[in-house]
Amino acid sequence: MTIQTYNTLSGKKEALQTLEPGHVKLYVCGITAYDYCHIGHARSALAFDMIVRYLRYRGYKVTFVRNFTDIDDKIIARAKEQSTTSEELATRFINEFYTDMDALGVDRPDIEPKATEHIKEMTDLISELIAKGMAYQSGNDVYYIVDSFPEYGKLSKRNIEDMKAGARISVNEQKHHPMDFVLWKGSKPGEPTWDSPWGPGRPGWHIECSAMSRKYLGETFDIHGGGQDLIFPHHENEIAQSEGANDKPFVKSWIHHGFVTIRDEKMSKSLGNFLTIRDILAHYHPEILRFFIFSTHYRNPLDFSETAMRDATAGLERLYECVATVDALDAGNGDRQAASILSAKDIKKVAELEKRFQEAMDNDFNTAQAQGVFFDTVKTINRLQGKITPKSAVTDIEFLKNGLATLKKLAAIMGLLREDAQQFLAARKEQLVAASAIDPAAVEALIAERYQCRLDKKWARSDEIRDKLLAQNIELHDGPDGTTWSVNDS
RNA sequence: GGCGGCGUAGCCAAGUGGCCAAGGCAGUGGUCUGCAAAACCAUUAUUCAUCGGUUCGACUCCGAUCGCCGCCUCCA
């Protein structure tokens, strides 16, 4: 079996074939560091985190590069608003980004280049383009000649004439052609500047990725990724720059993930539906966000809502409940002589977990399908677990524990089931208690009173206490070891 | 206007022409319980927006129609 990935350039799923056997070179466009990251950034980071982990799990060596844009118009404008420097602002939000990524449990890429640390690589690349007649200086700026690259538009499937007809292109007196894009911007007074052959200025946005990917991954590499909104103009322009300068194919396969919407509206600050990662993590465990994001294929749109998060919470808790029950089994107490109660069908279902997971993930990283495989397996494990007693066959207990171990290993590729099950379920409760006006001590007191009532068979008072607590969204669970309680958030 | 994508049960969501159209949430029935709740088990689409076409056979391929979304300006 080979891994199939959807390539935006060809518009088809293709078998992964690396330039260097067994080694995937991956470049992903990272953030522009001028604000806190939102849930869309989280989807991007989590999608590629999953992809890298899966490729490594499948035996590939992966060199993963993700850049930081730490100089651009938005950074300059925001720094001015806050009366600080671009450098300070960018550094601050890169640190905030790391805080969010750490909270989400996202692994660091191998290389995280910053634009401002690669000015020389960028000016070299621009000089090459000028020397080849593919760029020109105009005033203090340098522009790319879109007409010099015949394949311009091949990624976004559009042509230059259609785009001019779109008539949304900003008028700029400096450009010879309206579609030409800036490689180098002459600086205005008070802006950060670097020296260049064209005078003091700063790089355009697209050139950094061409320059830094070439430095760290070479002129041609395997996979380039980012959000679908980057297809045009950013990635189209990267192709024009890199292939124009190198005369070699830039990237073999492009991976673009879909957007996150909020209650079916695109996130935007003007609509007031802009949710940052930390907003969400204040209410939900990071694994719930991961579970939610991976419940849809990465290329499809994903709609964030309270309902969707509640569904995700219920689903993830179902997985953790299974883990918790199997964790509680102890093979050491089993009977070495007892016959197995496992049917061939049950054994097959659990044994095929890993194979079915790989089939799903090999199919363009279909995490939604893979989650389905998890649940299907959990259903079998739960059913068997219900039949297991402390005196069951040791081999049966070990079989379930092994199945669970495999499940945890595979779920970890999506960053799921990494917590201790009991702790996860308990943490959920604590979070809900903290978010409510519930006094745990008062609840415990009522439970104690109810316990005595039940011993005395005073069912009326016992049920009254239960109903009273339920009115506060507190659910009681009577078990053999006493009564526990949880908060119902729906 | 140009380009791209989507429309599968109450909701979410897989499905790379052919065994009963995965899975989750909610619902329903059960096990458990003093009664419940929680948990677990079982169950829930003669049908895949509509209409045609290709094929022995289509949710899957092609065309048209309707509806929704994204990009074309910074954007994950």
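These numbers come from a predicted model, not from an experiment. Just so it is clear: chains get the letters A, B, ... in the order the sequence lines come, proteins before strands, and each one is counted from 1. For the numbers below, each heavy atom of this structure counts, side chains included, while hydrogens, waters and symmetry mates do not.
- Across all strands shown, rC19(B) has no partner, as no Watson-Crick or G-U wobble contact with both distances under 3.5 Å is found.
- The partner of rC25(B), taking Watson-Crick or G-U wobble pairs whose two distances both stay under 3.5 Å, is rG10(B).
- Taking the ring centroids of Trp205(A) and His234(A), they lie under the 6.0 Å cut-off.
- Taking the side chain to side chain contact (heavy atoms under 4.5 Å, CB included) definition, one finds that Ser187(A) meets it with Glu191(A), Thr193(A), Pro200(A), sequence neighbours left out.
- At whole-Å resolution of the value, NE2 in His256(A) and P in rG70(B) are 18 Å apart.
- Taking the P atoms as reference points, rA14(B) lies 11 Å from rU8(B), given to the whole Å.
- Taking Tyr284(A) as the reference, Glu306(A) meet the side chain to side chain donor-acceptor pair (under 3.5 Å) condition, with sequence neighbours excluded.
- Applying the side chain to side chain donor-acceptor pair (under 3.5 Å) criterion to Arg450(A), with sequence neighbours excluded, gives Ser462(A), Asp478(A).
- The interatomic distance linking Phe292(A) (CZ) with rA13(B) (C1') rounds to 12 Å, in whole Å.
- Using C1' as the reference atom, rG15(B) and rA45(B) are 14 Å apart when rounded to the nearest Å.
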Pull out every protein N or O sitting under 3.5 Å from an N or O of nucleotides 17-28 of chain B, one pair per line with the distance.
| unit_1 | atom_1 | unit_2 | atom_2 | d |
| --- | --- | --- | --- | --- |
| rC25(B) | O2' | Asp311(A) | OD1 | 2.6 |

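- Comparing the P positions of rA76(B) and rC72(B) gives a spacing of 12 Å, expressed to the nearest Å.
- If you take CG of Leu289(A) and P of rA76(B), they are 17 Å apart, rounded to a whole angstrom.
- For the pair Asp364(A) CG and rU60(B) C1', the interatomic distance rounds to 17 Å; values are reported in whole Å.
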TODO: Step by step, work out the side-chain contact (heavy atoms from CB on, under 4.5 Å) result for Arg53(A) and Met50(A).
DONE: CA-CA 5 Å; Arg53(A) 285 186 202 187; Met50(A) 172 274 293; 5.8 Å; no

Side-chain donor-acceptor pairs under 3.5 Å in residues 412-422 of chain A, sequence neighbours left out?
| unit_1 | atom_1 | unit_2 | atom_2 | d |
| --- | --- | --- | --- | --- |
| Glu419(A) | OE2 | His285(A) | NE2 | 3.3 |
| Asp420(A) | OD2 | Gln422(A) | N | 3.2 |
| Asp420(A) | OD2 | Gln423(A) | N | 3.1 |

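- Shown for residues 31-43 of chain A: residues whose heavy atoms fall under 4.0 angstrom of RNA chain B, namely His38(A), Gly40(A), His41(A).
- If you check rC3(B) for Watson-Crick or wobble pairing at under 3.5 angstrom, you find it paired to rG70(B).
- Side-chain contact check for Pro109(A) versus Val28(A): every heavy-atom pair is 4.5 Å or farther apart.
- With P as the reference atom, rG34(B) and rA26(B) are 26 Å apart, rounded to whole Å.
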Distances for protein N/O vs nucleotides 3-8 of chain B N/O pairs under 3.5 angstrom?
| unit_1 | atom_1 | unit_2 | atom_2 | d |
| --- | --- | --- | --- | --- |
| rC3(B) | O2' | Ser156(A) | O | 3.4 |
| rC3(B) | O2' | Lys157(A) | O | 3.0 |

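- The salt bridge (charged side-chain N to carboxylate O under 4.0 Å, His left out) check on Glu430(A) picks up nothing, with sequence neighbours excluded.
- rC75(B) and rG17(B) have their P atoms separated by 38 Å, given to the nearest Å.
- With a 3.5 Å ceiling on both atom-pair distances, the Watson-Crick or G-U wobble partner of rC40(B) is rG30(B).
- Ring geometry, His38(A) versus His41(A): the interplanar angle falls from 30° to 60°, so the pair is classed tilted.
- Atom CG of Asn473(A) and atom C1' of rA37(B) are 13 Å apart (whole Å).
- Proximity of Gln472(A) to Leu469(A): side-chain heavy atoms (C-beta onward) are separated by under 4.5 Å at one or more points.
- Scanning atom types as modelled, one donor and one acceptor separated by under 3.5 angstrom connect the side chain of Lys266(A) and the base of rC75(B).
- When heavy atoms are screened at a 4.0 angstrom cut-off, Lys74(A) is found touching the sugar-phosphate backbone but no base atom.
- The base-pairing partner of rC51(B), taking Watson-Crick or G-U wobble contacts with both distances under 3.5 Å, is rG63(B).
- Residues satisfying the side chain to side chain contact (heavy atoms under 4.5 Å, CB included) criterion with Pro233(A), sequence neighbours excluded, are His206(A), Asn237(A).
- Comparing Leu230(A) and Asn366(A) against RNA chain B, the residue whose closest nucleotide sits nearer the 5' end is Asn366(A).
- As rounded to whole Å, 13 Å separates atom P of rG15(B) from atom CD of Glu359(A).
- When rounded to the nearest whole Å, the span between CD1 of Ile231(A) and P of rC75(B) equals 13 Å.
- Ring orientation note: the planes of Phe424(A) and Tyr320(A) are close to parallel, at an angle under 30° on the 30°/60° scale.
- Across rC71(B) and rC12(B), the matching C1' atoms stand 26 Å from one another, rounded to whole Å.
- Using a 4.0 Å heavy-atom cutoff across all strands shown, Phe259(A) reaches at least one base atom of the nucleic acid.
- Lys348(A) pairs by the side chain to side chain contact (heavy atoms under 4.5 Å, CB included) definition with Glu352(A), not counting sequence neighbours.
- Every residue two or more places apart in sequence or in another chain that forms a side chain to side chain donor-acceptor pair (under 3.5 Å) with Ser340(A) is listed here: Asp396(A).
- Comparing rA49(B) with rC41(B), their C1' atoms sit 36 Å apart, to the nearest whole Å.
- Relative orientation of the Phe68(A) and Phe97(A) rings is perpendicular, given thresholds of 30° and 60° on the angle between their planes.
- Nearest-nucleotide assignment on RNA chain B puts the 5′-proximal partner with Ser486(A), out of Asp229(A) and Ser486(A).
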- [ ] For Asp70(A) and Thr116(A), run side-chain hydrogen bond (donor to acceptor under 3.5 Å, both in side chains): C-alpha distance rounded to whole Å, both residues' side-chain angles, the deciding distance at 0.1 Å, then the answer.
- [x] CA-CA 6 Å; Asp70(A) 60 348; Thr116(A) 56; 2.6 Å; yes

Restricting both atoms to N or O, compile the protein contacts to nucleotides 34-36 of chain B shorter than 3.5 Å, with distance only.
| unit_1 | atom_1 | unit_2 | atom_2 | d |
| --- | --- | --- | --- | --- |
| rG34(B) | O6 | Arg454(A) | NE | 3.3 |
| rG34(B) | O6 | Ser462(A) | OG | 3.3 |
| rG34(B) | N1 | Asp463(A) | OD1 | 2.9 |
| rG34(B) | N2 | Asp463(A) | OD2 | 2.8 |
| rC35(B) | O2 | Arg466(A) | NH2 | 2.8 |
| rC35(B) | N3 | Arg466(A) | NH1 | 2.6 |
| rC35(B) | N3 | Arg466(A) | NH2 | 3.4 |
| rC35(B) | N4 | Arg466(A) | NH1 | 3.3 |
| rA36(B) | N6 | Asp478(A) | OD2 | 3.3 |
| rA36(B) | N1 | Asp478(A) | OD2 | 3.1 |
| rA36(B) | N3 | Arg466(A) | NH1 | 3.0 |

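- Nucleotides rC59(B) and rA9(B) place their P atoms 15 Å apart, quoted to the nearest Å.
- For the pair Glu265(A) CD and rG70(B) P, the interatomic distance rounds to 10 Å; values are reported in whole Å.
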